[in-house]
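This report concerns only the one structure given below.
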Amino acid sequence: MATCFRVPISIPTSMPASPSHSPSSRFPPTRLRTLRTLNAFGKSKIPMPPFNPNDPFLSKLASVAASSPETLLNPSSNPDNLPLLDIFDSPQLMASPAHLERSAKYGQRRRRRPPPDLPSVLLDGRIVYIGMPLVPAVTELVIAQLMYLQWKQPKEPIYVYINSTGTTRADGETVAMESEGFAIYDSMMQMKTEINTLALGVAVGQACLLLAAGTPGKRYMMPHAKAVIQQPRVPPIGLRPATDVLIHAKEVIVNRDTLVKLLARHTGNSVERVAKVMRRPYYMDPLVAKEFGVIDKILWRGQEKIMSDVSSHAELEKGAIDAIIENR
């Protein structure tokens with residue numbers, strides 16, 4: 001904290017003594033003794049005020065004390081003014097917070113509060129972004145965000161952006177159990193709030209289920225996103241007994257059947273059709289995903305006509321087979 005330096009003001013000897021302006025009435029005996037001592041010793045004995053470059057008052061006071069110390073001993077022209085106020089051209093008794101902020105040097109400003117993290121900024125806009133595989137930490141955060149948004153404003157929609165490879169990594173290695181995706185799905189199903197889902201990048205496996213589980217009519221895809229339906233995969237077994245491997249394999253089959261039934265419910269397809277396309281990874285661009293029932297609309301305007309001119313997967317496969325037959 002800056003220290004305020006005040007020097008007592010001398011009283012001219014020619015000034016007539018009056019009851020209202022007498023030295024004894026304005027200054028106590030201790031102040032009068034200090035004043036006489038400073039006048040007797042001269043400017044060489046005037047104490048220097050503390051120097052603080054961030055304090056305009058102390059900086060000005062130190063400058064005046066170094067150049068003309070006698071100015072500090074002269075009385076104020078206006079007896080009603082505060083001491084040492086005459087050394088300022090345009091005195092201000094108190095600086096505004098904006099002045100203090102501008103007076104600090106670059107790098108010395110202190111933030112009043114820490115900057116918010118990105119998930120908090122998105123959460124304020126009722127946006128939940130799933131941009132990683134569905135590992136337990138991601139599942140915990142997503143469920144907590146959904147519960148908070150429903151509690152805060154139950155009648156406002158929630159926007160879930162999905163760019164996730166589900167419970168696997170991009171190379172296909174399993175990183176979490178299928179129950180992680182089912183946990184988010186169950187949380188979405190028990191909510192009364194409208195949930196808009198949007199796929200950008202890729203939505204694989206359980207992430208594709210979350211995309212299809214949005215509110216009907218509010219499921220979207222970017223024009224270059226991909227949706228992939230694939231079977232759950234067994235995680236690395238390691239050195240386990242054969243019985244444990246069999247139990248784990250049965251659990252994966254149960255999760256596969258559950259995934260098939262849920263996808264059939266939200267896409268409007270039969271269980272047999274979903275199970276058939278799930279035998280191998282089934283990649284869908286927005287047009288195929290819309291036809292299959294995973295989404296309701298492609299988000300970008302005008303892109304549906306452009307993408308409709310592109311050959312479908314069946315046409316591309318047929319053309320490749322025809323080219324191989326012709327080259328034989």
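All residue numbers in this chain count up from 1 along the given sequence.
Panel note: side chain R219, backbone A212; a donor-acceptor pair is recorded below 3.5 Å. No side-chain donor-acceptor contact under 3.5 Å links D285 to the backbone of P223. Remark: the backbone N or O of V274 is not paired with any side-chain donor or acceptor of N269 at under 3.5 angstrom. Side chain of T197 to main chain of V160: no donor-acceptor pair is present (N/O by atom type, distance under 3.5 Å, no hydrogens or angles). Using a distance-only test at 3.5 Å, with no hydrogens or angles considered, no donor-acceptor pair links the side chain of R233 to the main chain of T168. The backbone N or O of G166 sits less than 3.5 Å from a side-chain atom of S164, completing a donor-acceptor pair.
Between V128 and L149, the closest heavy-atom pair is CG2-CD1, 3.9 Å. A199 approaches A225 most closely through the heavy-atom pair O-CB, 3.6 Å. Taking every heavy atom of both residues into account, A213 and M189 meet most closely at O-CE, 3.3 Å. In this structure, T193 and R126 approach most closely via the heavy-atom pair CG2-NH2, 4.0 Å. Among all heavy-atom pairs drawn from C208 and V294, the shortest one is SG-CG1, 4.0 Å. Between V202 and N163 the shortest heavy-atom distance is N-OD1, 3.2 Å.
Expressed to the nearest 0.5 Å, how far OG of S187 lies from CD of Q145 amounts to 12.0 Å. From R169, atom CZ reaches atom OG1 of T165 across 9.5 Å, with rounding to the nearest 0.5 Å. Separation of atoms CD1 (I158) and CD (Q153) is listed at 10.0 Å; rounding is to 0.5 Å. Atoms CG and CD, on N255 and Q231 in that order, are 12.0 Å from each other to the nearest 0.5 Å. Atom CG of D186 and atom CG of L262 lie 8.5 Å apart (nearest 0.5 Å). Expressed to the nearest 0.5 Å, how far NZ of K152 lies from CG of D124 amounts to 5.5 Å.
In the model, T215 has no side-chain atom that pairs as donor or acceptor with a side-chain atom of E194 under 3.5 Å. Side chain to side chain, T139 and E180 meet the donor-acceptor criterion of an N or O pair below 3.5 Å.
Checking Q190, H266, Q206 one by one against Y185, the side chain to side chain donor-acceptor pair (under 3.5 Å) holds for a single residue, H266.
Counting non-hydrogen atoms of other residues, nucleotides and ligands closer than 6.0 Å to CE of M132 gives a total of 12 or fewer. Within a 6.0 Å radius of CE in M278, more than 12 heavy atoms belonging to other residues, nucleotides or ligands are found. Residue E173 qualifies as enclosed at atom CD: its count of foreign heavy atoms under 6.0 Å is above 12.
I253 and V260 fall into different hydrophobic clusters, where Ile, Leu, Val, Met, Phe, Trp and Tyr are joined by side-chain heavy atoms under 4.5 Å apart, directly or via other members. Note: the hydrophobic cluster containing L141 does not contain I162 (ILVMFWY, side chain heavy atoms under 4.5 Å, direct or indirect links). Hydrophobic clustering (side-chain heavy atoms under 4.5 Å, transitive across Ile, Leu, Val, Met, Phe, Trp, Tyr) groups L146 together with Y148. V254 and L259 sit in two unconnected hydrophobic clusters of ILVMFWY residues. Membership requires side-chain heavy atoms under 4.5 Å apart, directly or through other members. Note on V271: it clusters hydrophobically with L263, by side-chain heavy-atom contacts below 4.5 Å among ILVMFWY residues.
Residues forming a side-chain contact (heavy atoms from CB on, under 4.5 Å) with V121 (at least two apart in sequence, or on another chain): P116. Here M147 pairs with I143 under the side-chain contact (heavy atoms from CB on, under 4.5 Å) rule; sequence neighbours left out.
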Check the pair Y161 / I130 against side-chain contact (heavy atoms from CB on, under 4.5 Å), numbers first and verdict last. CA-CA 6 Å; Y161 287 69; I130 305 176; over 6 Å; no
Passes side-chain contact (heavy atoms from CB on, under 4.5 Å), M284 versus F292? Steps please. CA-CA 9 Å; M284 296 176 287; F292 195 79; 3.9 Å; yes
Please determine whether side-chain contact (heavy atoms from CB on, under 4.5 Å) holds for the pair I298 and M221, giving the CA-CA distance in whole Å, both sets of side-chain angles, and the decisive distance to 0.1 Å. CA-CA 5 Å; I298 303 174; M221 277 185 74; 5.5 Å; no
Worked verdict on L211 versus Y220 for side-chain contact (heavy atoms from CB on, under 4.5 Å): CA-CA 8 Å; L211 173 63; Y220 308 97; over 6 Å; no
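Using a 4.5 Å heavy-atom cutoff, the side chains of V204 and T167 are not in contact. With contacts defined as side-chain heavy-atom distances shorter than 4.5 Å, the pair V288/Y283 does not qualify.
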